[in-house]
A.B. asks: 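I am attaching a structure below and will ask some questions about it afterwards.
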Amino acid sequence: MNNIEVERNGRIIKIAIKREKKLNPLDIETIEEIGEALKDHRNIAVITGMNRAFSAGADINVFLNLDSKTGYEFAKRGHDVMNTIQERPMPVLAAIHGFALGGGFELALACDIRISHPETIFGLPEVTLGIIPGFGGTQRLKRIIGESKAFEMTSMGKKIGAQDALNLGILNEINEKYLERSMETAKLYEKMPFESLAYIKELIRNGSGNMMDREKEYFGNCFKTENQKEGARSFIEKREATFNRNVNFDLFK
Ligand code: COA
């Protein structure tokens with residue numbers, strides 16, 4: 001991997017973007033390296049940026065050489081990785097500082113949990129470059145903050161600070177120690193029953209079609225698992241549950 005650094009600790013992987021430019025502009029190679037690092041769906045992941053930023057967006061240098069066909073291809077390859085983040089069963093957390101702009105913001109929006117340093121700047125400034133967000137940002141931002149605010153931010157290329165992002169529901173938490181908090185949160189997830197996590201993620205993040213029916217089906221499926229029995233037993237025996245994390249992924253789909 002040339003553009004990211006990956007550290008593994010049990011079922012947790014930390015992916016740190018480290019482009020040679022200090023604001024971590026994203027080219028396709030970097031995005032696809034992130035996708036590759038997330039391939040093992042059993043891992044809980046924390047994505048962060050080294051140096052001065054999470055990421056200041058798609059690498060604007062690349063745009064000089066794109067035409068409509070290669071531009072479409074660029075967006076498609078970005079979309080594929082963002083969809084992987086959203087659709088993989090285990091949580092992905094974004095530990096954000098500095099700047100999360102353009103594609104960097106879209107990467108954070110694809111994650112399940114966003115924890116930020118208080119001084120981070122967020123935004124989709126693509127309109128100011130004569131383009132639009134191309135990694136799913138229009139749709140994900142609209143789902144999170146609603147049509148009106150998403151339109152305002154995107155159509156004006158408006159940048160906002162962490163407190164506004166928290167108020168709008170974009171962030172889960174602001175913390176000076178954003179990376180430590182993200183790793184702690186990942187460790188909490190590591191102790192949880194993975195089947196439940198995966199079902200919850202699918203129902204909340206990938207809710208198209210009749211998710212009410214899917215919820216009933218998945219609720220029933222939980223009772224096929226050893227983790228359900230351990231969860232109920234541990235409550236009755238007044239002790240902490242020890243969940244088995246070898247999930248049978250055939251239970252999903
Ligand atoms: N693509 C390519 N390079 C980028 C970049 C991007 N998206 N964002 C920043 N850089 C580069 C700058 O060109 C500069 O390179 P240099 O040191 O070789 O001159 C370096 O990163 C530092 O950026 P700089 O602008 O000097 O830092 P700053 O603190 O003054 O400003 C930003 C920070 C984020 C406000 C500013 O860099 C910016 O507006 N970047 C573009 C953000 C954007 O439009 N993203 C969406 C792209 S679709």
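Counting starts at 1 for both ligands and their atoms, following the listed order. Source: prediction; values computed, not measured.
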A.B. asks: Working note: Asn3 + Glu33, criterion side-chain hydrogen bond (donor to acceptor under 3.5 Å, both in side chains); need CA distance, chi angles, decisive distance, verdict.
C.D. replies: CA-CA 7 Å; Asn3 302 291; Glu33 284 180 11; 3.3 Å; yes

A.B. asks: Looking at atom 47 (C) of ligand 1, would you say a protein heavy atom lies below 4.0 Å from it?
C.D. replies: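 It does; a protein heavy atom is within 4.0 Å.
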
A.B. asks: Is there a donor in the side chain of Asn244 and an acceptor in the side chain of Glu230, or the other way round, less than 3.5 Å apart?
C.D. replies: no

A.B. asks: Please assess Tyr199 against Asn221 for the test side-chain contact (heavy atoms from CB on, under 4.5 Å), listing each intermediate value before the final yes or no.
C.D. replies: CA-CA 10 Å; Tyr199 281 144; Asn221 280 359; 3.0 Å; yes

A.B. asks: Determine, stepwise, if the pair Ile145 / Ile170 fulfils side-chain contact (heavy atoms from CB on, under 4.5 Å).
C.D. replies: CA-CA 7 Å; Ile145 69 174; Ile170 293 169; 3.4 Å; yes

A.B. asks: Among all protein heavy atoms, pick the one closest to atom 42 (C) of ligand 1 and tell me residue, atom and distance.
C.D. replies: Ala56 O, 3.4 Å

A.B. asks: Is a donor on one side and an acceptor on the other found under 3.5 Å between the side chain of Ser55 and the backbone of Asn24?
C.D. replies: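 Judged by distance alone, yes, a pair lies under 3.5 Å.
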
A.B. asks: Can you check side-chain contact (heavy atoms from CB on, under 4.5 Å) on Glu126 and Glu106, steps first, answer last?
C.D. replies: CA-CA 11 Å; Glu126 285 85 346; Glu106 293 177 288; 3.7 Å; yes

A.B. asks: Report, in ascending order of atom number, the atoms of ligand 1 lying under 4.0 Å from any heavy atom of Asn61.
C.D. replies: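 That gives atoms 2 (C) of ligand 1.
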
A.B. asks: Which is it for Leu129 and ligand 1 at heavy atoms under 4.0 Å: side chain, backbone, both or neither?
C.D. replies: side chain

A.B. asks: If only atom types and distance count, is the side chain of Arg143 paired as donor or acceptor with the main-chain N or O of Arg205 below 3.5 Å?
C.D. replies: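 No; zero donor-acceptor contacts below 3.5 Å.
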
A.B. asks: With a 4.0 Å cut-off, strictly under, does atom 10 (N) of ligand 1 pick up any protein heavy atom?
C.D. replies: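 It does not; no protein heavy atom is within 4.0 Å.
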
A.B. asks: Could you tell me which atoms of ligand 1, counted from 1 in the order shown, lie closer than 4.0 angstrom to a heavy atom of Arg52?
C.D. replies: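 Per the distance check, 27 (O), 28 (P), 29 (O).
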
A.B. asks: Among Ser55, Pro133, Pro25, whose heavy atom sits nearest atom 4 (C) of ligand 1?
C.D. replies: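 Closest candidate by heavy-atom distance is Pro25.
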
A.B. asks: Taking the ring centre of each residue, are Phe135 and Phe74 less than 6.0 Å apart?
C.D. replies: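 Distance test on ring centres: under 6.0 Å, yes.
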
A.B. asks: Under 4.0 Å from atom 25 (O) of ligand 1, is there any protein heavy atom?
C.D. replies: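 Neighbour list for atom 25 (O) of ligand 1 is empty of protein heavy atoms (cut-off 4.0 Å).
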
A.B. asks: Can you tell me if Glu195 and Asn227 form a side-chain donor-acceptor pair at under 3.5 Å?
C.D. replies: yes

A.B. asks: Does Pro125 have a non-hydrogen atom less than 4.0 Å from ligand 1?
C.D. replies: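 A heavy atom of Pro125 does come that close to ligand 1.
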
A.B. asks: What's the shortest distance from atom 2 (C) of ligand 1 to any protein heavy atom, and which residue and atom give it?
C.D. replies: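 Here the closest protein heavy atom is Asp59 OD1, 3.3 Å.
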
A.B. asks: Got the closest protein heavy atom to atom 13 (O) of ligand 1, with its distance?
C.D. replies: Lys21 NZ, 4.6 Å

A.B. asks: What are the two closest non-hydrogen atoms of Ile47 and Cys111, and how far apart are they?
C.D. replies: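 Heavy atoms only, the tightest pair is CD1-SG, 4.2 Å.
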
A.B. asks: Kindly indicate whether atom 7 (N) of ligand 1 is approached by any protein heavy atom to under 4.0 angstrom.
C.D. replies: yes

A.B. asks: List the closest protein heavy-atom neighbour of atom 35 (C) of ligand 1: residue, atom name, distance to the nearest 0.1 Å.
C.D. replies: Phe99 CE2, 3.9 Å

A.B. asks: Under 4.0 Å from atom 18 (O) of ligand 1, is there at least one protein heavy atom?
C.D. replies: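 Neighbour list for atom 18 (O) of ligand 1 includes protein heavy atoms (cut-off 4.0 Å).
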
A.B. asks: Please state which option from Ile132, Leu101, Thr128, Ile60 has its nearest heavy atom closest to atom 34 (C) of ligand 1.
C.D. replies: Leu101

A.B. asks: Nearest to atom 39 (O) of ligand 1, what protein heavy atom do you find, and at what distance?
C.D. replies: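 Residue, atom and distance for the closest contact: Lys159 NZ, 4.6 Å.
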
A.B. asks: Any protein heavy atom sitting closer than 4.0 Å to atom 28 (P) of ligand 1?
C.D. replies: yes

A.B. asks: Return the residue, atom name and 0.1 Å-rounded distance of the protein heavy atom closest to atom 36 (C) of ligand 1.
C.D. replies: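 Going by distance alone, atom 36 (C) of ligand 1 is nearest to Leu23 CD1, 4.6 Å.
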
A.B. asks: Without swapping roles, check the side chain of Arg181 against the backbone of Asn175 for a donor-acceptor pair under 3.5 Å.
C.D. replies: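 Answer holds: no.
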
